[in-house]
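These notes concern the structure reproduced below.
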Amino acid sequence: MTGTTDYPPFRLFNTLSRSVEVVQTLEPGVLRFYSCGPTVYSYAHIGNFRTFLTADLIVRAARAIGWSVQYVTNITDVGHLTDDDVADGGGEDRMAKALSSREGERFGNVWDLARYYADQLVADWKTLNLLEPTLRPRATEHMRQQILTIRRLIDSGHAYETELGIYFSVPSFADYGKLSGNEDAGQLAEAVRDVVTDPGKRDPRDFALWKKDDKHLMQWFSPWGWGFPGWHIECSVMAVEYLGEQIDIHGGGEDLIFPHHECEIAQAESQSGKRFARYWVHTRFLQVEGRKMAKRDGTFLTVRDLVGRKEDGGRGFDPAAVRLALMSGQYRKPANFTFETLRASARHIQRIREARKVAAGAVGAVVGETSGRDNSSDATSGRLDAVYNRALASLLDDLNTPEAIAAGLEGVKVILASADGMSAREADAALVWLDRMEALIGWEGPPPSLATGGEDDFAATVERLLSERTTARSKRDFARADAIRDELVDMGVEVMDAPGGPMWRKKLTV
Ligand SMILES: [Zn+2]
């Protein structure tokens, strides 16, 4: 204990200790946080986004108490295997499978597919008003670091080579199983029994760090020939690269506890000899209308499905309503996403937007007309302060979002109740409160697209045309691609083709 920390306590459930703990960061006032991102072989579904929302709220709560946050979340843009949810990682490559599916037909190759879905992920991320991370590293851009780490694991006796790949030696790391409780060797062997295994593996629990495969759609050259890395090595390598050998919080969906996070711990701690992450935070699965999400019964929902959905007179749902519905249950409880909750959330958002409109409209209220209300303005701001403190305390209490939202809605009620003849001072207090609540739980977000101005529409049109042009080019439809380029030139847009995809700017008119 340094004795210098007088931050309010931030409590989170730690999967490692199976209890709610007060987060003590390694460096007082600085939070080092890594949250696992998605594999981009398709659109992320709202269950994935509930997990990203947990990360978002951890960052917001930490900032609200004055911590500075280093927040890293990755994009897995190298195909990991359909059976990677068992530690052995056999089965079919997810990206290759997506490329050969009907939706995959429009992509020229697996790299285009990964880039497209990574871009869509970031777009949906913004739609849901999720904070931009400090860094969003991609697996394919960290191949050298992964290869070097694997080599160090071999050199230190924690990994070995077979004819088919490189494996981490589980018996070489005594703490394996401490996160998931999966410590029984017999049980683990049972769990991986059905997967195609490598006869050269020394222990059935050993997991792949590198697969030798010169036929794979994404392959890199390594000291062991052509191949590609295992999924688990990517995250621990990028976390250590950007946050150091020891981080404060590591998060993800509950399905990542085993094997992914268990394997990350083994890889990182066997190298550093230090505890990798102090707190492990996992978000429970989301059901839709009481069922596991499945494409065939219409319960597999993406952000764009909901925002683009033709509801309420032809308009989709307000993205803020989708976010609020996803926040309406605490992250650690199984959640059921229903359209009833979504509609109720949409009504709440309408009231929040109405409160902002009322307050913004009253900012210039003439003092003489409302001077009789000065006492009530102090009362209003006092009540709003109390409501904010309750919302913050709820978030700091293991991200109790239902309580935080309930407190917030009470504040909205206070504002709307004083709407009639609101004084300028009351309006100021209301706007300050709305901004503080927005920073804390991000419930308003940017105004819905209909309310946005001309500049945003222009940018959206350019982005749409660029994406159509990329698609046309990947299908080798150059005539269409050139036609789109001409259209962009007519709009006064200059396009530069960069390695990471096309960039554009509006030409300056002299
Ligand atoms: Zn990960």
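For reference, positions follow the sequence shown, starting with 1. Just so you know, ligand 1 is whichever comes first in the structure, and atom 1 is the first atom listed for that ligand. Since this is a predicted model, take the numbers as computed values, not measurements. For the numbers below, each heavy atom of this structure counts, side chains included, while hydrogens, waters and symmetry mates do not.
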To make sure I understand the geometry: which N, O or S atom in His260 is closest to the Zn ion (ligand 1)?
NE2
Taking the side chain from Asp206 and the backbone from Val170, do they hold a donor-acceptor pair closer than 3.5 Å?
yes
Residues at least two apart in sequence or cross-chain that pass salt bridge (Lys or Arg N to Asp or Glu O under 4.0 Å) with Glu161, listed by chain then number, are Lys212
Taking both backbone and side-chain atoms into account, decide whether His232 has an N/O/S atom under 2.8 Å from the Zn ion (ligand 1).
no
Donor-acceptor contact below 3.5 Å, side chain Glu269 vs main chain Phe276
yes
Lys/Arg cation over aromatic Tyr160: Arg202, 6.0 Å, 45° cone
yes
Decide, counting backbone as well as side-chain atoms, whether Cys235 has an N, O or S atom less than 2.8 Å from the Zn ion (ligand 1).
yes
